[in-house]
Amino acid sequence: MGNAPAKETRSPSGSFSKDNVPSPKSLVGLSKRKKERDREKRRQKEQHMLDLIVRYQENVDGGYLAPYGNYKDGLSYRTDVVRELIIERKLAPFYTPLEDFDEQWTDGELLRRLKCLKLHAPTSELLLDEDEDPDDHKIHQSANSMRRKEHKAFKRHLSEMSIKFQRDAESRFTRDKSVSESGIKTYPNIPSDDLLLTLYRNAIECPICFLYYPPNLNLSRCCVQPICTECFVQLKRLDPHPPHDEGAAPNSSDESEKYSDELISEPVNCPFCAMSDFGVTYSPPNLWTGIGGRPPRDFNLLPGVIHEDPDTPQGASRSSECQRKASLGYAMTKSHSASGTPPKRSTTLSEYRMSQGQKSYEDSVSMNSKNSDNSFQIKSLEIPDPARRRRGSLPATAPGVITVDLIRPDWEQKLLNARSKLARRSAAATALHASSLIYDQDDSHRTYTSRFERSYRRIDSSNGNDRNSHTSIEERMIEEALKLSLLDEEERKLKERLKR
Amino acid sequence: MSLPKRIIRVMPHEDNLRYFNVTIDGPSGSPYEGGKFKLELFLPDDYPMLAPKVRFLTKIYHPNIDRLGRICLDVLKANWSPALQVRTILLSIQALLSSPNPDDPLANEVAEEWKSNEQNAIKTAREWTERFAQ
């Protein structure tokens, strides 16, 4: 959008007051509270970056909790919310896409392709734009430019770390996969061939990215079209903007045209049928592997074989070490998992969080044995086909509907920021306008009674008439200052209300 | 939608695969008939979340296409959807050639002419097609 507000970091306001702070550390010039806030922001960004790493140990029904990387940008969605939704099986996990798919492929051929898949799309060494900062040439660097530089360095650091972490996760996956295949030892989170085949045998194409995924994709709530989770998390509201011509209120006079409250932010439309407030539903396949289920290694199409309990000799065929590990995993969750029923959501989640705190993700993901549930394996393997599950369109508020606003709740704050920014800008423009008029007051009385005169009356409507004839510069300046502080106060109140 | 003839051609650029050279034939029955209009199409990094950028390279007399070749078309702006494709976009542009919309103009003078003296405007469009779009 051309009218998008400039980046916050470039905000020129306040730069003149601290321009000559000679301190080398930019944070010195900031108040304690601001520093705290900065630190908190960085912590959040680090967590966000960590949440975007695909780790094979974090899997749900054969998919993962972080996107494969089809899109380089636009990953500002709430990772914590999405991860939780995936674990709760309310949103399809991020499956690794296949670029091609042919129904004619034999199982062997399909498997061969599936086993070559990486966790994440190849990441190029991100070349962050090394454009020269114009402030480099200044003798006195402003506190703002220091902050900007720091911010840039932090961003580079984040992206380097994310590349490194992803590479580590990838090599671990590759290693464990090849060890499993060689038969020396098995890892509970390396999926079985049966699981891979069950998932991808009937792969379907996501109509937005044209990549192939297991058929249990999300479905649009309105027109029941499939959409992969990676495309879904890309969708977001447009930046706050003035209403389009057709939508504008007919009585909006030129005065209120630019008024900040007119900025709007609209929910995302369905990419397929343009219905407002896009949302998806998801029906999980009855696989229950990974988090909240049994180890993906143990998924088996033959009934009875997965009937495994670490306490019985049935599992003894496996190497003793993996046996020990598996039983550890079981032990962790055993008390919670009533046999045959999926674990309660809250339990699984809290356990999952606990395990996240551990140094290694290895085998720490909670797994629940599905033993003594024989009927489950046979009936449940069919992955529902979206075309078959025709259902009517659902309202955005229906239970189970995941809207874009749910995973990107920041739109309200963005709208608020854009509005207050515009309000402040127009107030500043009014002030400038006023002061320039004062100089040639004698002959410009008439032009003065324009928009901003009326906007004055809005603030102080009691004595709006012929004030201009006897108001000194100082008085007007004071009024402007009052107006600005009123605006600030208003913004603060709004923010507080929003927090609650 | 069936296309009897190959009337839209798209070629990717050699050194940048996100950049395409496009040729659209002027639709029959319009003042652009017989013309071959060159366009450039670029897929931004955020495609398909953002619309492709399309611009006419051939000069054209049309109320919704300005002197720089920029196109006023809702599906290129606010009504873009990631489920739309390059193909649908190009068909929309071709449809725009068949039915100019002077009430939502980008080139104001052209639109004025279109509204006040449609015969003349169509004549000019035809002349421009002959002069620039061969």
Side-chain angles (χ1 to χ4, degrees), chain A residues 1-4 67 69-77 124 126-127 129 205-211 217 220 222-228 230-248 264-276 278 280 404 408, chain B residues 1 10 12 15-20 41-55 63-92 95-96 99-108 111-112 114-115:
Chain A
M1 299 291 293
N3 54 355
N70 296 328
Y71 300 94
K72 274 186 233 124
D73 294 320
L75 296 167
S76 54
Y77 68 91
S124 54
L126 258 165
L127 293 168
D129 45 338
E205 196 182 36
C206 166
I208 291 180
C209 59
F210 300 128
L211 295 165
L217 289 181
S220 66
C222 36
C223 52
V224 207
Q225 290 293 307
I227 179 173
C228 72
E230 189 150 2
C231 285
F232 177 66
V233 299
Q234 280 288 318
L235 297 172
K236 54 169 164 285
R237 289 179 176 230
L238 295 175
D239 287 327
H241 55 88
H244 297 302
D245 314 336
E246 64 263 42
I264 54 161
S265 170
E266 291 160 310
V268 174
N269 291 345
C270 169
F272 308 107
C273 70
M275 163 92 78
S276 172
F278 183 60
V280 295
V404 173
R408 290 181 181 273
Chain B
M1 219 177 292
V10 184
D15 38 324
N16 185 353
L17 292 175
R18 287 183 171 274
Y19 187 89
F20 297 85
L41 185 146
F42 181 73
L43 302 179
D45 273 346
D46 297 341
Y47 178 85
M49 294 305 148
L50 285 187
K53 302 199 181 310
V54 197
R55 193 170 77 92
N64 309 107
I65 300 163
D66 74 1
R67 281 187 309 145
L68 299 173
R70 294 178 298 190
I71 306 162
C72 177
L73 189 61
D74 60 341
V75 287
L76 288 176
K77 302 270 154 53
N79 285 349
W80 165 254
S81 139
L84 291 174
Q85 299 158 23
V86 169
R87 181 176 155 275
T88 41
I89 286 296
L90 293 178
L91 286 171
S92 305
L96 188 68
S99 48
N101 178 11
D103 292 325
D104 185 18
L106 192 61
N108 272 321
E112 282 309 313
W114 219 277
K115 282 202 273 198

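Residue numbers begin at 1 in each chain, while the letters A, B, ... track the order of the sequences.
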Practice prompt. First locate atom OH of A:Tyr71, then atom CG of B:Asp45, and finally report the distance between them rounded to the nearest 0.5 Å.
Written response: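 Here the interatomic distance stands at 12.5 Å.
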Worksheet item: Taking atom CG of B:Asp46 and atom NZ of A:Lys72, what is their separation to the nearest 0.5 Å?
Response: 9.5 Å
Practice prompt. Kindly state each residue pair satisfying salt bridge (Lys or Arg N to Asp or Glu O under 4.0 Å) with at least one member in residues 66-78 of chain B, sequence neighbours excluded.
Written response: B:Asp66-B:Arg70
Discussion item. Counting C-beta onward and ignoring hydrogens, is there a side-chain heavy-atom pair between B:Met49 and A:Asp73 closer than 4.5 Å?
Written reply: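 Result no, sub-4.5 Å side-chain heavy-atom pair not found.
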Item to complete: Quick one: closest heavy-atom pair of A:Phe272 and B:Ala83, and the distance?
Response: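 Looking at all heavy atoms of both residues, the closest pair is CD2-CB, 3.6 Å.
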Discussion item. Could you report the tightest heavy-atom contact between B:Pro82 and A:Leu235, atom names first, then the distance?
Written reply: CG-CD2, 3.8 Å
Practice prompt. Taking atom NZ of B:Lys53 as the centre, report whether more than 12 heavy atoms of other residues, nucleotides or ligands fall under 6.0 Å from it.
Written response: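 No - once you tally the heavy atoms of other residues, nucleotides and ligands closer than 6.0 Å, there are 12 at most.
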Fill in: Counterpart residues, salt bridge (Lys or Arg N to Asp or Glu O under 4.0 Å), relative to B:Lys115 (two or more places apart)
B:Asp103
Worksheet entry | Under 4.5 Å from a heavy atom of chain B, the part of A:Phe210 involved |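 The side chain, not the backbone.
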